[in-house]
There are 2 protein chains.
Amino acid sequence: MSSTEATKNNQADSPRIVRISDFKNQVGKEVRLQGWLHNKRSSGKLQFLIVRDGSGFAQAVVAKAAVPEAAWTVAEAMGQESSLELTGRVKEDKRAPGGFEVDVTGLRAVQIAHDYPITPKEHGTAFLMENRHLWLRSPRQHAVIRIRHAVVKGVRDYLDDQGFTLVDTPIFTPAACEGTTTLFAVPYFDEGTAYLTQSGQLYNEANAAAHGKVYCFGPTFRAEKSKTRRHLTEFWMVEPEMAFAHLEDAVKVAEGLIVSVVERVLETRGEELKVLERDAAKLGHVKSPFPWLHYDDAIKLIQSKGSQTQWGSDFGGTDETVIGEAYDRPVVVHRFPAAIKAFYMEPDPERAELTLSADILAPEGYGEIVGGGERMSSAEKLQQRIQEHNLPEEAFRWYLDLRKYGSVPHAGFGMGIERLVTWICGLEHLRETIAFPRMLYRIYP
Amino acid sequence: MSSTEATKNNQADSPRIVRISDFKNQVGKEVRLQGWLHNKRSSGKLQFLIVRDGSGFAQAVVAKAAVPEAAWTVAEAMGQESSLELTGRVKEDKRAPGGFEVDVTGLRAVQIAHDYPITPKEHGTAFLMENRHLWLRSPRQHAVIRIRHAVVKGVRDYLDDQGFTLVDTPIFTPAACEGTTTLFAVPYFDEGTAYLTQSGQLYNEANAAAHGKVYCFGPTFRAEKSKTRRHLTEFWMVEPEMAFAHLEDAVKVAEGLIVSVVERVLETRGEELKVLERDAAKLGHVKSPFPWLHYDDAIKLIQSKGSQTQWGSDFGGTDETVIGEAYDRPVVVHRFPAAIKAFYMEPDPERAELTLSADILAPEGYGEIVGGGERMSSAEKLQQRIQEHNLPEEAFRWYLDLRKYGSVPHAGFGMGIERLVTWICGLEHLRETIAFPRMLYRIYP
């Protein structure tokens with residue numbers, strides 16, 4: 001608890017406000033706790049309140065004999081999610097949810113709530129999504145968002161420590177990076193139409209020429225009319241890009257990043273993984289080095305397991321699952337055919353029909369979490385590609401400039417945060433990994 | 001230099017690739033440097049190359065007698081922004097740009113560039129903005145982006161250390177937070193129109209009820225038809241929100257945050273501030289406590305300096321400059337009239353025509369950097385306000401739920417990153433604080 005929050009709250013005669021996450025340092029002490037009633041049961045002259053304060057959950061025991069009558073009455077009157085403030089002594093109790101218990105000496109309601117819509121019984125997903133603003137308070141959702149925070153922090157710290165400079169790339173873009181069919185279009189004053197970014201990569205390339213090693217990290221948008229559990233219309237992506245670097249360099253950074261983030265979650269979010277009943281042992285396998293699998297061999301692998309996917313095609317979701325399940329840690333699938341990759345991919349010098357590209361697939365069937373590769377560094381070849389792809393050359397003038405003025409080999413990748421969190425948390429669907437998911441049929445609340 | 005970047009680059013017989021930012025640990029050693037030619041001058045049998053590698057700038061001295069003939073010829077041939085790789089011995093030299101010099105032993109061009117558009121002479125802003133993808137390489141722009149990174153990192157670290165949980169709020173929103181006139185509208189499948197967020201605050205309030213102390217940090221959008229130096233259509237904002245908190249608590253966090261971020265920039269970005277010729281001593285005054293100025297007194301202050309602004313109106317840009325210049329550190333102007341504030345502001349219990357709100361104005365005339373306050377916690381009053389403001393009640397159903405189920409006093413604020421960086425860097429215009437600024441007439445590159 002910082003001193004700041006208590007400025008007006010603290011009264012001279014009352015104990016210090018303490019957050020549940022700090023209870024471990026408060027055992028035996030009298031504290032003040034501000035929070036919400038998550039659950040309640042009573043047993044004669046005792047009432048057991050499960051209180052949450054945003055930092056955690058703790059059990060508070062109200063004994064009729066130990067509190068003023070008004071406090072007992074308030075405890076009886078409060079429905080689920082009533083807001084409250086209580087005082088009491090903290091004690092350790094391994095059996096209590098969260099591991100601590102408070103023997104209550106005083107209790108007041110801030111606001112008494114009744115008929116909270118999300119009860120301990122089972123609810124359907126549509127109902128929960130419609131009440132997402134409240135569903136976020138549930139232990140599982142609370143745990144997922146805390147893990148997401150640890151992931152974001154872990155990503156940023158890792159890249160910062162490796163000497164990358166954060167350079168935010170624009171959301172409004174004048175042209176499409178990979179075709180216009182999945183772009184959200186926005187009327188933009190007299191400039192015509194702006195598109196919401198699908199990737200900061202092209203801009204990253206300019207930034208890498210200015211800062212050497214850069215990353216952007218922000219929301220990206222895809223107007224895909226698909227309703228699968230692996231798609232959101234709005235999702236967050238981190239995209240590192242490095243000058244004077246090749247495919248192998250980019251994959252090494254991605255590998256280091258994933259290992260470091262998983263380690264951080266295991267170290268700092270063990271409680272949350274337990275709430276989610278995630279098998280942490282499986283995450284313990286995520287160590288360097290990751291196996292590498294050539295696209296040719298990946299096709300052979302999935303065909304041997306019955307896939308109809310032919311050489312030259314992209315993998316389907318089931319193919320990714322099959323490949324991912326063949327390993328106990330993420331696998332690097334490399335050298336995809338040029339025909340199924342973006343125009344800016346550098347060709348494999350040994351086989352021109354392939355690209356210096358790689359996807360990293362998560363284990364346990366969670367699919368692609370990273371996609372990247374080496375970018376084309378020749379101005380002439382790039383111009384030819386832009387023409388072949390029927391892209392508007394004028395819009396890419398600045399992008400071609402990067403090859404005219406000090407072109408260097410460079411490489412990078414994008415990692416989708418929601419997919420990473422889905423895998424780490426062991427979830428069924430991406431929608432639980434972001435506070436207010438946006439999907440084909442969902443922009444409320 | 002991480003080992004990863006060198007995987008394919010390193011050859012057994014050549015020295016280690018080192019970044020200029022690491023030269024301080026390499027004095028006397030032979031290194032390999034990869035970068036771009038920023039500037040060049042020659043003096044008979046010596047050529048002085050200013051090389052940048054993204055991490056910094058350093059002088060490389062090519063002596064005709066000390067290098068193979070091919071290297072000398074390459075040095076002669078390279079125009080500004082040619083990409084190159086050189087080997088040489090690092091020595092300290094206080095007079096050299098960056099403080100280090102390399103005595104070159106080998107040099108090769110990666111790509112020879114000619115006619116780089118941005119020469120050392122003066123260029124007009126329109127031209128530089130049109131070439132923003134290259135302008136970013138210039139020392140001033142490079143310094144600003146590095147300071148921005150330190151600011152972003154400083155903000156996140158401070159809030160994380162204070163126990164805040166990052167909860168990303170949505171970019172697509174179904175309804176307007178503060179009126180629709182300055183919103184970007186996006187056609188959204190069968191759901192009709194989505195609007196690009198102007199603030200994550202309403203969502204933050206739901207998240208604060210789930211996590212106690214939260215922040216969001218992402219791009220926000222304002223379709224304002226204004227062409228001033230203080231406006232961008234796309235800008236980044238951090239917005240902390242706290243449950244069980246009052247106006248004073250929110251301002252305390254904002255103050256601690258600003259002090260901490262300025263300290264971090266002074267500690268870690270001294271070189272960059274020098275490049276910008278920023279008077280760091282002025283930033284040294286930014287210490288707690290910040291002065292508080294009641295709105296009534298702020299009006300008296302500006303009127304005494306000749307302002308025509310009347311009680312009940314918002315400040316103009318000039319008014320903010322006048323108020324800010326009266327102090328050597330940021331000033332907290334508090335309790336603005338309800339009539340000029342958003343519908344969700346908690347009224348001052350002592351004077352109902354005022355709100356429990358505060359803006360923080362930067363010194364030296366840089367204007368507002370923070371705006372925040374206490375939010376209305378009563379469901380009845382809030383519903384009345386929504387009706388008075390003719391807002392669509394159905395769209396705010398979820399927001400009213402937050403008052404029905406465990407309402408608590410809560411407060412927060414928003415801090416605009418570009419405004420903060422503009423002030424810290426001492427810039428004239430917001431547009432230099434973001435890599436690819438978006439303005440009324442600018443979405444390219």
Side-chain angles (χ1 to χ4, degrees), chain A residues 2 4-5 7-8 34 36 53-55 81-83 110-111 113 116 133 136-137 142 145-146 149 152-153 162 165-167 170-172 174 184 186 188-189 191 194 203 206-207 210-212 218-219 234 236 244-246 248-249 252-253 398 401 405-408 435-436 438 440 443-445, chain B residues 2 4-5 7-8 34 36 53-55 81-83 110-111 113 116 133 136-137 142 145-146 149 152 162 165-168 170-172 174 184 186 188-189 191 194 203 206-207 210-212 218-219 234 242 244-246 248-249 252-253 398 401 405-408 435-436 438 440 443-445:
Chain A
S2 74
T4 55
E5 193 162 310
T7 314
K8 206 173 175 178
Q34 299 177 321
W36 293 265
D53 75 343
S55 80
E81 285 302 320
S82 295
S83 46
V110 176
Q111 190 230 0
Y116 184 69
H133 56 295
L136 287 167
R137 304 177 184 187
H142 183 262
I145 294 295
R146 281 179 58 82
H149 182 193
V152 171
K153 182 85 175 161
Q162 298 278 320
T165 300
L166 168 71
V167 190
I171 308 296
F172 287 132
F184 284 104
V186 189
Y188 194 93
F189 309 115
E191 300 293 304
Y203 293 97
N207 298 334
H211 290 268
E234 177 186 319
W236 286 66
F244 292 99
H246 300 280
E248 292 77 6
D249 304 312
K252 276 281 169 198
V253 170
W398 69 269
D401 272 359
Y405 305 113
S407 190
V408 297
F436 293 93
R438 295 304 184 230
L440 185 51
I443 48 172
Y444 176 92
Chain B
S2 73
T4 55
E5 194 161 311
T7 314
K8 204 172 176 180
Q34 299 176 320
W36 294 266
D53 73 343
S55 81
E81 286 302 320
S82 295
S83 45
V110 176
Q111 189 230 0
Y116 185 69
H133 55 295
L136 287 167
R137 304 178 184 186
H142 183 261
I145 294 294
R146 280 179 59 82
H149 182 194
V152 170
Q162 298 278 320
T165 301
L166 168 71
V167 190
D168 296 310
I171 308 297
F172 287 132
F184 284 104
V186 189
Y188 194 93
F189 308 114
E191 299 293 304
Y203 293 97
N207 298 335
H211 291 268
E234 178 185 321
M242 296 173 285
F244 291 99
H246 299 280
E248 292 76 6
D249 304 312
K252 276 281 168 198
V253 171
W398 69 269
D401 272 359
Y405 304 113
S407 190
V408 296
F436 294 93
R438 294 304 183 232
L440 185 51
I443 48 171
Y444 176 93

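Just so we're on the same page: letters track the sequence lines, and every chain starts at 1.
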Per-residue contact mode, A:F189 against chain B (heavy atom under 4.5 angstrom):
side chain
Note: vs chain A, highest number of non-hydrogen pairs under 4.5 angstrom among B:E191, B:E81, B:H149, B:H142 is B:H149
Does any backbone or side-chain atom of B:S55 lie under 4.5 Å from a heavy atom of chain A? Answer side chain, backbone, both or neither.
backbone
Tell me, out of B:N207, B:L440, B:D401, who's got the most heavy-atom pairs with chain A below 4.5 Å.
B:L440
Give the member of B:V186, B:L166, B:V408 that has the highest number of heavy-atom pairs under 4.5 Å with chain A.
B:L166
Chain A contact via B:W398 - side chain, backbone, both or neither, heavy atoms under 4.5 Å
both
Hey, is the main chain of B:R146 close enough, under 3.5 Å, to the side chain of A:T165 for a donor-acceptor pair?
no
Top contributor to chain B interface from A:H211, A:R137, A:K153 [non-hydrogen pairs under 4.5 Å]:
A:H211
Whatever's closer than 4.5 Å to a heavy atom in chain B on A:P219 counts as side chain
Ignoring hydrogens, what is the shortest heavy-atom contact between B:S407 and A:S83? Give both atom names and the distance.
O-OG, 2.7 Å
Just so I understand: if I count every heavy-atom pair under 4.5 Å between each of B:I145, B:V152, B:V167, B:I171 and chain A, which residue has the most?
B:I171
Going by heavy atoms in the side chains, are A:D53 and B:F244 under 4.5 Å from each other?
no
Hey, which of B:P445, B:G406, B:A206, B:S82 has the most heavy atom pairs under 4.5 Å with chain A?
B:G406
Would you say the side-chain atoms of A:R438 pair up with the backbone N or O of B:P170, donor to acceptor, closer than 3.5 Å?
no
Can you classify the ring geometry of B:Y405 versus A:Y116 as parallel (below 30°), tilted (30 to 60°) or perpendicular (above 60°)?
perpendicular
Centroid-to-centroid, A:Y188 to B:F184, below 6.0 Å?
yes
Non-hydrogen atoms of chain A under 4.5 Å away: do they reach the side chain of B:D168, the backbone, both or neither?
both
Highest number of heavy-atom pairs under 4.5 Å with chain A: which of B:A194, B:G218, B:A210, B:A113?
B:A210
